[in-house]
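Everything on this sheet refers to the single structure shown next.
Position 1 is the first residue of the sequence; numbering continues from there.
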Amino acid sequence: MSHLLSKRILIPLSAMALASFACSTFASPDPTAEPPAEPAVVEVTKVIEVTRIVETEATTEVVEEVVAAPIDENQPVKVTGTAEITFVLFESYLTETFVMLEDLAGFVSRDFEYEQPEESQVLGPLFSTEEESIYAYTLNLPVEPVAQLVDVDNNGSEDAGVQLFAVAVQANLLDGPFLGENEVGGWSSTWTSLRIDEENEDEVVGGLMLVWAPDANQGFPTDFGPDGMLFTEDDPTGPIGAGYSVVNLDESPFSITTEREPTMPLYEGDVAAKDYTEMGYMEAFDTMFAKASVEYPFTEMKGIDWDALYAEYAPRMQEADEKGRYDLYFFTLRDFANDIPDGHVGLQGDDRDYFRENVIGGLGLGLTELTSGDVIVSTLISNAPAANAGIELGAQIFEWNGIPIEQAIDESVPLDGPYSAAHVERLEKILYLPQGQLDTEVTIGYTNPDLTAGEVTLTREFEVDAFLQNYLYAGIPESSAPVEYEIVGENTGYVRIWSMSDDLNLTLRLIERAVADFDELGVDAIIFDMRTNGGGSPLGGHIAGFFTKDEIELARGYYYSEAAGEFTTHGPADTIEPDDSINYDGPVYVLVSPGCASACENVAYAIGETRRATIVGHYPTNGIFGEVGRGQYDLPDDVSFQIPTGMDIAPDGTIIIEGTGVVPDETVPVTYDSVFYEGDYLLDYVLNLIY
């Protein structure tokens, strides 16, 4: 099939020359003059570049101009398609999304750090549709793209090569709308027109690829070859037409088509939720268990016996399946999840009001365990059972239902589990101890601050204020920017990062703006407050780049590979890249707490790894750092399950953060004075260190 936009052709210009002569003033012909030259023939490589000869009495001038050219009605000019995006944080993470022609030269060379040249980036809109989770896009194609040409025909000679593209969803995170070196590398593995095997070093295994050839003398693979990999020496090859072609890698041999407006659907990749909704309870559990138990990265670290777990929970699930009992199905999954000591393991679904019924009964008090081991009343709600019975704020609790308070805490069952770190589970046990079902009784032995002792039996009533005031994420404003900053103390920059999952572009811009402003103002120090931040996207490497002049390797991500039969890593490490324009060299402090979880911990950890920051807190961070993007499961009856599939390992071979959290350099004791301090105790503690 001919492709008139780009094939090499010969165009006789005699007609154009005659037209030029017709517009000129001529002298009478001289019969003795030399005969005129033959009409010019010019060879061009693009039909839109045509040479026009203009003659005057004195000279002949060659002028290049662009003229309209006929377009092959079958040559692609626009690509459209849809994508089903089930990733739960897609819209909150990425607010400036688009599709682009993604140059695949990096895939051909397996260069995981390949940077998309800005001059080759062709962008198009991505927009949601009326159908839930379905997005649509339009991408207009340039007449001649400018990506890297790669020779993939395996014919033993050096050819011009072809340009290779996927259509992929991207988002603007830094600077302008085009992707820069710190925003993308290699090739996309999610939301792309190619199907990618993320468990086998992101190999292309199918999907649709857009190919542009400068002429009809280029070739392209016709299949994956014996090794099952694309663009390797064993690929069989065949010719490909000039211009654009769409190659379907899901057919054998590959099919090559051209049409004016091809459709190229986008695949979500491994972040797509595994859809087991049409299965029965037992089949869904078995299918999920078989995959999750192999892909879970911390089995050895946490000593998990998967065979024992299956032996315990499979019979219960089988009964739920046979009897059609949703309640048994859901609570079997809940108990199974709680037996995996990982704060990133989660279950969502209809719990038949179990949580509400076991939390709404309260006593109107919140407890805090001091570093000394004493347990005191740190929150007291007026006109609630505890206050009405004479228990005062600051009272020390000795007994709970006839047993020592320490034992009662040990036996408390929190409802937000499971937990990765022991210190987080301990705090949650204390949080949930006063709560329970309505009208249940609790007997408390206490001593008030004035040393009057007592024992009282209280009946729980509807009261959750004390619980909410002591929740790990209490204090997050209902409406605010993800980042706020100001000058505090004498001259200290203070940055409060509330979220890593709310408009990442805005988050990074605000942090960069804060550091730049503080650097220009010459502040004495900068404090990052990460105490209440539930995580999101791990942006620590970029943020920490404001505080170092050296590249620092943080960790490498490991995932289970079916091909290798073990956890493997590929591609570049997660690193701190020094910022070219901002380098603050003053003291840096990071405030942390167990309310700093997941991606929040990544930021605290990365800033700490610059060796110029001091981490300060009463406790370490939450200690949950398994990557969960690939561990999403949709189960029957609107139940979803989440479990990590990836882990981060530092250059020294240790698993980072998971189970321990980011441990403070300055661990501040929890004391009576710190609990009842009028103000922000940790913030003032750091200001006292600075001044």
So, [X] versus [Y]: side-chain donor-acceptor pair below 3.5 Å or not?
X      : Y      : answer
Thr621 : Glu601 : yes
Thr671 : Asp673 : no
Asp503 : Thr95  : yes
Tyr559 : Asp270 : no
Trp187 : Glu102 : no
Ser189 : Glu198 : yes
Gln170 : Ser188 : yes
Ser593 : His618 : no

Have a look at Leu539 and tell me which of Ile511, Ile497, Leu504 forms a side-chain contact (heavy atoms from CB on, under 4.5 Å) with it.
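The side-chain contact (heavy atoms from CB on, under 4.5 Å) with Leu539 is passed solely by Leu504 among Ile511, Ile497, Leu504.
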
Applying the side-chain contact (heavy atoms from CB on, under 4.5 Å) test to Pro117, which of Leu179, Val146, Asp103 qualifies?
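Among Leu179, Val146, Asp103, the one meeting side-chain contact (heavy atoms from CB on, under 4.5 Å) with Pro117 is Asp103.
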
Between Leu139 and Thr80, is there a side-chain heavy-atom distance shorter than 4.5 Å?
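In short, these two side chains do not touch, never coming nearer than 4.5 Å.
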
Any donor-acceptor N/O pair, [X] side chain to [Y] backbone, under 3.5 Å:
X      : Y      : result
Glu577 : Gly545 : no
Thr507 : Met500 : no
Asn583 : Thr548 : yes
Asp665 : Ile615 : yes
Asp342 : Tyr419 : no
Arg556 : Gly571 : yes
Tyr137 : Pro265 : no
Asp680 : Leu683 : yes
Glu566 : Tyr560 : no
Lys274 : Arg630 : yes

Heavy-atom pair of closest approach, residues [X] and [Y]:
X      : Y      : result
Asn602 : Gly541 : OD1-N, 4.4 Å
Val670 : Val675 : CG1-CG2, 4.0 Å
Asp648 : Gly557 : OD1-CA, 3.8 Å
Val204 : Leu194 : CG2-CD1, 3.9 Å
Asp502 : Pro482 : O-CG, 3.6 Å
Thr610 : Ile576 : CG2-CD1, 4.1 Å

Could you pull out all residues at least two apart from Asp529 that satisfy salt bridge (charged side-chain N to carboxylate O under 4.0 Å, His left out)?
Arg496, Arg531

Could you list the residues that satisfy salt bridge (charged side-chain N to carboxylate O under 4.0 Å, His left out) with Asp684, not counting sequence neighbours?
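With neighbours one apart ignored, the set is empty.
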
Please evaluate residues Tyr685 and Glu666 with respect to the criterion side-chain hydrogen bond (donor to acceptor under 3.5 Å, both in side chains), reporting the C-alpha separation (whole Å), side-chain torsions for both, the decisive distance (0.1 Å), and the verdict.
CA-CA 10 Å; Tyr685 180 93; Glu666 289 268 350; 3.1 Å; yes

Within a 6.0 Å radius of atom [atom1] on [X], are there more than 12 heavy atoms belonging to other residues, nucleotides or ligands?
X      : atom1 : result
Glu132 : CD    : no
Arg509 : CZ    : no
Gln348 : CD    : no
Glu113 : CD    : no
Glu486 : CD    : yes

Look up atom [atom1] in [X] and atom [atom2] in [Y], then write down how far apart they are to the nearest 0.5 Å.
X      : Y      : atom1 : atom2 : result
Ile656 : Leu554 : CD1   : CG    : 7.0 Å
Ile624 : Ile657 : CD1   : CD1   : 10.5 Å
Asn491 : Tyr691 : CG    : OH    : 5.5 Å
Leu174 : Asp579 : CG    : CG    : 9.0 Å
Arg513 : Leu506 : CZ    : CG    : 11.5 Å
Trp191 : Ile196 : CH2   : CD1   : 14.0 Å

Single hit among Phe547, Tyr584, Tyr589 for ring-ring contact (aromatic ring centres under 6.0 Å, His included) with Phe528:
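Among the candidates, only Phe547 passes.
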
Determine, stepwise, if the pair Leu249 / Met209 fulfils side-chain contact (heavy atoms from CB on, under 4.5 Å).
CA-CA 7 Å; Leu249 306 177; Met209 183 180 295; 4.1 Å; yes

Step-by-step side-chain hydrogen bond (donor to acceptor under 3.5 Å, both in side chains) determination, Gln163 to Tyr244
CA-CA 9 Å; Gln163 296 180 31; Tyr244 286 107; over 6 Å; no

Would you say the ring centers of Phe112 and Tyr114 fall short of 6.0 Å from each other?
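For Phe112 and Tyr114, the ring centres are not under 6.0 Å apart.
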
Does Phe518 have its ring centroid less than 6.0 Å away from the ring centroid of Tyr485?
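Yes, the ring centres sit under 6.0 Å apart.
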
Please lay out, stage by stage, how Glu609 and Arg611 fare under the test salt bridge (charged side-chain N to carboxylate O under 4.0 Å, His left out).
CA-CA 5 Å; Glu609 287 298 291; Arg611 306 306 181 198; 3.4 Å; yes

Would you check, one step at a time, whether the test side-chain contact (heavy atoms from CB on, under 4.5 Å) holds for Ile655 with Phe298?
CA-CA 9 Å; Ile655 297 173; Phe298 306 118; 3.8 Å; yes

When you look at Leu682 and Val668, which way does the side-chain contact (heavy atoms from CB on, under 4.5 Å) test go after all the steps?
CA-CA 8 Å; Leu682 280 182; Val668 181; 3.7 Å; yes

Output, in order, the C-alpha distance, side-chain angles, deciding distance and verdict of side-chain contact (heavy atoms from CB on, under 4.5 Å) for Val483 and Val495.
CA-CA 7 Å; Val483 178; Val495 187; 3.7 Å; yes

If the threshold is 4.0 Å, N to carboxylate O, is there a salt bridge linking Glu658 and Lys302?
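So Glu658 pairs with Lys302 through a salt bridge.
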
Please evaluate residues Gln642 and Gln632 with respect to the criterion side-chain hydrogen bond (donor to acceptor under 3.5 Å, both in side chains), reporting the C-alpha separation (whole Å), side-chain torsions for both, the decisive distance (0.1 Å), and the verdict.
CA-CA 5 Å; Gln642 170 182 284; Gln632 306 295 319; 3.0 Å; yes

